[in-house]
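Beneath this line is the structure, given in structure tokens, with notes to follow.
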Amino acid sequence: TACEQLKKPLTLGETNGLYQNLIVDDKQGLLYCVVNKAGSTSWVRVLLVSMGKYPNLEAIGPVYNQRRLRRLISYNSTERSYRLKNYVKFMVAREPLSRFVS
């Protein structure tokens, strides 16, 4: 079953893929998990402003610099563990039917 599959340990590749999707905001103590097609671009823009990378949302423009974001994969294992244990983690999901209709 799906639940039994979730109990299996992740491979290194799977773990790195997960870490790549987690944006770190050390200033606020946040980990944001990017979920495509669920408003992630808007949330990333809000985080960029809260991190002090841009003065306001209007200053970001239509395209933002991905290099201004720090992802969990860029930390060593000790630093990752600390952040995973101590930071507030959040993700935004979209209601499946509304996504299907749009």
Side-chain angles (χ1 to χ4, degrees):
T1 66
C3 292
E4 290 170 348
Q5 290 177 357
L6 291 174
K7 292 179 184 177
K8 294 178 184 175
L10 296 174
T11 66
L12 180 60
E14 290 169 328
T15 304
N16 286 341
L18 292 173
Y19 293 156
Q20 182 65 33
N21 287 331
L22 291 171
I23 296 174
V24 180
D25 180 351
D26 285 315
K27 184 177 177 182
Q28 306 294 328
L30 297 173
L31 291 176
Y32 169 57
C33 182
V34 175
V35 177
N36 293 331
K37 302 298 181 190
S40 59
T41 300
S42 298
W43 278 104
V44 168
R45 290 170 183 270
V46 169
L47 286 173
L48 285 167
V49 173
S50 78
M51 290 181 209
K53 306 287 184 181
Y54 291 93
N56 55 51
L57 292 173
E58 292 77 28
I60 298 173
V63 178
Y64 56 85
N65 187 342
Q66 290 276 343
R67 287 177 278 165
R68 290 183 174 235
L69 299 170
R70 186 97 191 254
R71 296 183 184 265
L72 193 60
I73 196 167
S74 68
Y75 294 88
N76 66 41
S77 62
T78 303
E79 294 169 326
R80 287 179 194 163
S81 295
Y82 173 81
R83 284 163 178 78
L84 286 167
K85 183 177 181 181
N86 296 294
Y87 283 21
V88 173
K89 296 161 278 301
F90 76 101
M91 65 184 289
V92 177
R94 193 169 163 189
E95 197 274 320
L97 186 58
S98 69
R99 181 171 179 211
F100 178 73
V101 171
S102 71

| Which residues share a side chain to side chain donor-acceptor pair (under 3.5 Å) with S74, sequence neighbours left out |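 Side chain to side chain donor-acceptor pair (under 3.5 Å) check on S74 returns R70.
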Distance, nearest 0.5 Å, that separates [atom1] of [X] from [atom2] of [Y]:
X: M91; Y: L31; atom1: CE; atom2: CG; answer: 12.5 Å
X: L47; Y: L69; atom1: CG; atom2: CG; answer: 8.0 Å
X: N56; Y: L48; atom1: CG; atom2: CG; answer: 12.0 Å
X: S77; Y: L84; atom1: OG; atom2: CG; answer: 11.0 Å
X: I60; Y: K53; atom1: CD1; atom2: NZ; answer: 12.0 Å
X: Y19; Y: R71; atom1: OH; atom2: CZ; answer: 15.5 Å

| query | Would you say the side chain of V49 lies within less than 4.5 Å of the side chain of R45, judging by non-hydrogen atoms? | reply |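 No. Closest side-chain heavy atoms not under 4.5 Å.
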| said: Donor-acceptor check, side chain of R80 to backbone of I73, threshold 3.5 angstrom: yes or no? | reply: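 Present.
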| query | Can you tell me if K89 uses its side chain to pair, donor with acceptor, with the backbone of L30 under 3.5 Å? | reply |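 Side chain of K89 to backbone of L30: no pair is present.
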| What is the ring orientation for W43 with Y32, classed by angle as parallel under 30°, tilted 30 to 60°, or perpendicular over 60°? |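 Aromatic pair W43/Y32 classed tilted.
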| request: Classify the side-chain pair Y87/D26 by whether it contains a donor and acceptor separated by less than 3.5 Å. | output: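 Distance-only check passes for Y87 and D26.
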| query | Taking only residues two or more places apart in sequence or in another chain, which ones pass side chain to side chain contact (heavy atoms under 4.5 Å, CB included) with N76? | reply |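 In terms of side chain to side chain contact (heavy atoms under 4.5 Å, CB included), with neighbours along the sequence ignored, N76 is linked to T78, E79.
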